[in-house]
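Read the structure below first, then the notes.
Since this is a predicted model, take the numbers as computed values, not measurements.
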Amino acid sequence: MAQDLIDVLIRQWKTERPDLNVEPMGVVGRVLRLATRLERRVSETLKPYGLTVGGFDILATLRRTGNPQGLTPTELMEAVMLSSGAMTNRIDRLEEQGLVERRPSPNDRRSLQVLLTAEGRKVVDEAVADRLDEAEDALCVLKAEERDQLADLLRAMLQGLND
């Protein structure tokens with residue numbers, strides 16, 4: 001397999017600091033570079049819909065739960081791992097775009113539910129199809145067995161780093 005920038009960095013560090021174990025950079029450095037590239041691709045895919053990755057995450061969460069009553073901001077916050085302030089800002093932007101609406105909770109007058117509007121549902125249904133096509137394209141260099149193995153390894157790594 002061809003050498004990449006991470007191989008060069010590892011080789012340089014081994015030369016300059018042979019006392020250090022730089023092998024973890026082989027995985028972590030590549031994962032970080034890959035994350036940056038993938039996020040850029042996702043952003044470009046969502047741009048025609050007027051969505052950011054964060055806005056898409058909220059719409060997709062509302063859509064995939066199938067709950068016609070929506071979710072509370074707290075439930076959304078937990079599902080997409082955001083702070084309260086960031087969640088409020090994203091919901092505000094999506095509401096301004098006409099993609100979500102806030103309604104009083106039928107179960108708790110002090111609480112709100114966030115729901116997809118008809119336009120929000122239409123946008124997320126179109127965007128998710130393009131998003132999945134983009135993900136498939138990003139994985140085209142891997143065989144099905146390699147994808148499964150990589151998913152298992154990344155899951156193990158994420159679980160090991162669970163904060």
Side-chain angles (χ1 to χ4, degrees), residues 1-66 71 73-97 99-100 114 116 120-163:
M1 185 169 289
Q3 299 282 295
D4 67 1
L5 176 63
I6 302 297
D7 291 316
V8 173
L9 296 175
I10 290 171
R11 194 169 45 254
Q12 290 171 334
W13 277 117
K14 282 183 176 179
T15 300
E16 294 301 316
R17 291 290 309 270
D19 57 309
L20 297 176
N21 175 16
V22 295
E23 294 303 324
M25 288 177 61
V27 173
V28 175
R30 286 184 180 95
V31 167
L32 291 172
R33 292 194 70 203
L34 186 59
T36 299
R37 289 182 183 182
L38 290 172
E39 188 162 2
R40 192 177 320 128
R41 288 172 57 108
V42 172
S43 293
E44 287 300 314
T45 299
L46 297 174
K47 194 181 288 185
Y49 300 99
L51 296 175
T52 63
V53 174
F56 174 78
D57 283 347
I58 291 170
L59 296 179
T61 298
L62 289 168
R63 180 67 173 99
R64 74 174 179 261
T65 62
L71 298 172
T74 301
E75 290 169 330
L76 278 170
M77 188 174 67
E78 291 168 357
V80 297
M81 297 175 286
L82 281 177
S83 70
S84 176
M87 179 57 64
T88 299
N89 289 336
R90 287 187 185 167
I91 293 170
D92 287 346
R93 284 194 301 264
L94 292 169
E95 193 170 37
E96 288 167 9
Q97 290 175 272
L99 303 176
V100 300
V114 180
L116 284 172
R121 184 181 178 108
K122 177 180 174 279
V123 167
V124 74
D125 281 349
E126 291 174 10
V128 76
D130 284 349
R131 170 69 185 92
L132 293 172
D133 287 345
E134 179 279 321
E136 177 65 32
D137 184 60
L139 293 172
C140 72
V141 298
L142 299 175
K143 298 174 189 156
E145 180 181 300
E146 292 170 324
R147 292 178 186 197
D148 292 342
Q149 182 181 18
L150 180 58
D152 289 343
L153 293 169
L154 292 172
R155 182 182 307 105
M157 189 173 174
L158 281 168
Q159 289 172 348
L161 295 174
N162 198 2
D163 302 310

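A salt bridge does not link E44 to R40: none of the charged nitrogens lies less than 4.0 Å from a carboxylate oxygen.
Closest of all the heavy-atom pairs between L46 and V53 is CD1-CA, 3.9 Å. When all heavy atoms of E126 and Y49 are compared, the closest pair comes out as O-OH, 3.4 Å. In this structure, T61 and D57 approach most closely via the heavy-atom pair OG1-O, 2.7 Å. Residue I6 comes nearest to G29 through the heavy atom pair CD1-C, 3.9 Å, listed as atom of the first residue, atom of the second, then distance.
Formation of a donor-acceptor pair under 3.5 Å by the D7 side chain with backbone atoms of D4 is found in this model. Side-chain atoms of R90 never come within 3.5 Å of backbone atoms of I58 as a donor-acceptor pair (strictly under, hydrogens ignored).
Taking CG from L94 and CG from L59, the interatomic distance works out to 5.0 Å, rounded to the nearest 0.5 Å. Once rounded to the nearest 0.5 Å, the distance linking CE of M77 with OG1 of T74 reads 5.0 Å. The CG atom of L71 lies 5.5 Å from the CG atom of L62; values are rounded to the nearest 0.5 Å. From L150, atom CG reaches atom CZ of R155 across 10.5 Å, with rounding to the nearest 0.5 Å. Rounded to the nearest 0.5 Å, atoms CG (L38) and OG1 (T45) are 10.5 Å apart.
Using a 4.5 Å heavy-atom threshold, the side chains of V128 and R63 count as separate. Counting heavy atoms from C-beta on, the side chains of F56 and V42 never come closer than 4.5 Å. Within the 4.5 Å cutoff, the side chain of L5 has heavy atoms near those of the R33 side chain. When side chains are defined from C-beta on, I10 does not count as touching Q3, because their heavy atoms never get closer than 4.5 Å.
Looking at residues two or more places apart in sequence or on another chain, you find a salt bridge (charged side-chain N to carboxylate O under 4.0 Å, His left out) between E23 and K14. E145 pairs by the salt bridge (charged side-chain N to carboxylate O under 4.0 Å, His left out) definition with nothing, not counting sequence neighbours.
Here the options are L51, V124, L116, the test is side chain to side chain contact (heavy atoms under 4.5 Å, CB included), and the partner is L99; only L51 passes.
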Task: Full working for side-chain contact (heavy atoms from CB on, under 4.5 Å) between L32 and T36 - done: CA-CA 6 Å; L32 291 172; T36 299; 5.7 Å; no
Open item on the list: For a side-chain contact (heavy atoms from CB on, under 4.5 Å) check, start with the C-alpha distance between M87 and V80, then their side-chain angles and the critical distance, and finish with the verdict.
Closed with: CA-CA 9 Å; M87 179 57 64; V80 297; 3.3 Å; yes
Task: Residues V22, R17; criterion side-chain contact (heavy atoms from CB on, under 4.5 Å); working and verdict - done: CA-CA 9 Å; V22 295; R17 291 290 309 270; 6.0 Å; no
- [ ] Take L132 and E136 through the test side-chain contact (heavy atoms from CB on, under 4.5 Å) and record every step on the way to the result.
- [x] CA-CA 6 Å; L132 293 172; E136 177 65 32; over 6 Å; no
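Within 6.0 Å of CD in E146 there are more than 12 heavy atoms belonging to other residues, nucleotides or ligands. The 12-atom threshold is not exceeded at CD of E39, counting heavy atoms of other residues, nucleotides or ligands nearer than 6.0 Å. Around CZ of R147, the count of heavy atoms belonging to other residues, nucleotides or ligands within 6.0 Å exceeds 12.
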